[in-house]
Amino acid sequence: DTAVSQTPKYLVTQMGNDKSIKCEQNLGHDTMYWYKQDSKKFLKIMFSYNNKELIINETVPNRFSPKSPDKAHLNLHINSLELGDSAVYFCASSQDLYRGPDTIYFGEGSWLTVV
Amino acid sequence: AQTVTQSQPEMSVQEAETVTLSCTYDTSENNYYLFWYKQPPSRQMILVIRQEAYKQQNATENRFSVNFQKAAKSFSLKISDSQLGDTAMYFCAFMKRIQGAQKLVFGQGTRLTINP
């Protein structure tokens, strides 16, 4: 079974459209993340939720809105897509870590292409 | 703000050789964690090794080991007896804890090719 699963894996869409990427983890983790990897392979965090509460919200356009219906799911909705949104989006999860760092488990990525 | 720098965009070695990937970082924190992640062509992000800053002993995981120099803020990855399957992008990352979450700050990556 896949620990962190994302859908869709590939998405091609036109500028101006609204799209969502879904993420689910079956590891029982408390914290989930969205990372963006751009065309130069640079990875940067976008959001993090802990037990459905927004913890990290980096400088991301308002067109990006994460939603966490429960701690096993963290979806990413993007409004009015732009060419610069083309990237690979990674979902990840980790356990609540006051006792020390645990492994962050990444999904396989969702490759978004805006044309 | 923390920054992570990988100064080698690409490296290439022959199979079975040893290769070292460089990473430097900048932080004012005293307690933190450092990671190396591997990203093969499949795009999956795979944790290779991690190091706690409060530990002086360098972390090792089979053929992978690190040289952690805290004062110099250097965290290099050594791959011994390199294998074709080691071909991938390698990312160095600094971890900052924010409440119950971990924020990973990544370097630019090093593309490593192992040649037969």
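Chain identifiers are assigned alphabetically (A, B, ...) following the order of the sequence lines, protein sequences preceding nucleic acid strands; residue numbering begins at 1 within each chain.
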Next on the checklist: Taking A:Leu43 as the starting point, is it possible to reach B:Trp36 by hopping between hydrophobic residues whose side chains are less than 4.5 Å apart?
Outcome noted: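 They do not share one cluster, since no chain of ILVMFWY contacts under 4.5 Å joins B:Trp36 to A:Leu43.
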Side-chain heavy atoms of [X] within contact of [Y], under 4.5 Å:
X: A:Gln95; Y: A:His29; answer: yes
X: B:Leu21; Y: B:Gln6; answer: no
X: A:Lys44; Y: A:Lys36; answer: no

One option among B:Ile46, B:Leu47, B:Leu104 has the most heavy-atom pairs under 4.5 Å with chain A, and it is B:Leu104
Note: vs chain B, highest number of non-hydrogen pairs under 4.5 angstrom among A:Glu58, A:Glu53, A:Met32 is A:Glu58
Does [Y] offer a backbone N or O that forms a donor-acceptor pair with the side chain of [X] under 3.5 Å?
X: A:Gln37; Y: A:Phe90; answer: no
X: A:Gln25; Y: A:Gly28; answer: yes
X: A:Ser110; Y: A:Pro8; answer: yes
X: A:Gln6; Y: A:Tyr89; answer: yes

Filtered by a 4.5 Å non-hydrogen cutoff, the part of residues 105-116 of chain B contacting chain A is B:Phe106, B:Gly107, B:Gln108, B:Arg111
Within residues 63-93 of chain B, the residues sitting under 4.5 Å from chain A by heavy atom, in sequence order, are B:Met89, B:Phe91
Under 4.5 Å to a heavy atom of chain B? For A:Tyr35 that would be side chain
**Asked** Does any heavy atom of chain B fall under 4.5 Å from the side chain of A:Ile56, the backbone, both, or neither of them?
**Response**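 The side chain, not the backbone.
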Open item on the list: A:Ile78 vs A:Asp85, test: side-chain contact (heavy atoms from CB on, under 4.5 Å). Steps then yes/no.
Closed with: CA-CA 9 Å; A:Ile78 315 171; A:Asp85 297 332; 4.2 Å; yes
Exactly one of B:Met45, B:Arg50, B:Met95, B:Gln102 clears side-chain contact (heavy atoms from CB on, under 4.5 Å) with A:Ile104, and that residue is B:Gln102
**Report entry** side-chain contact (heavy atoms from CB on, under 4.5 Å) evaluation trace for B:Lys96 with B:Thr27
**Finding:** CA-CA 10 Å; B:Lys96 177 179 179 179; B:Thr27 184; over 6 Å; no
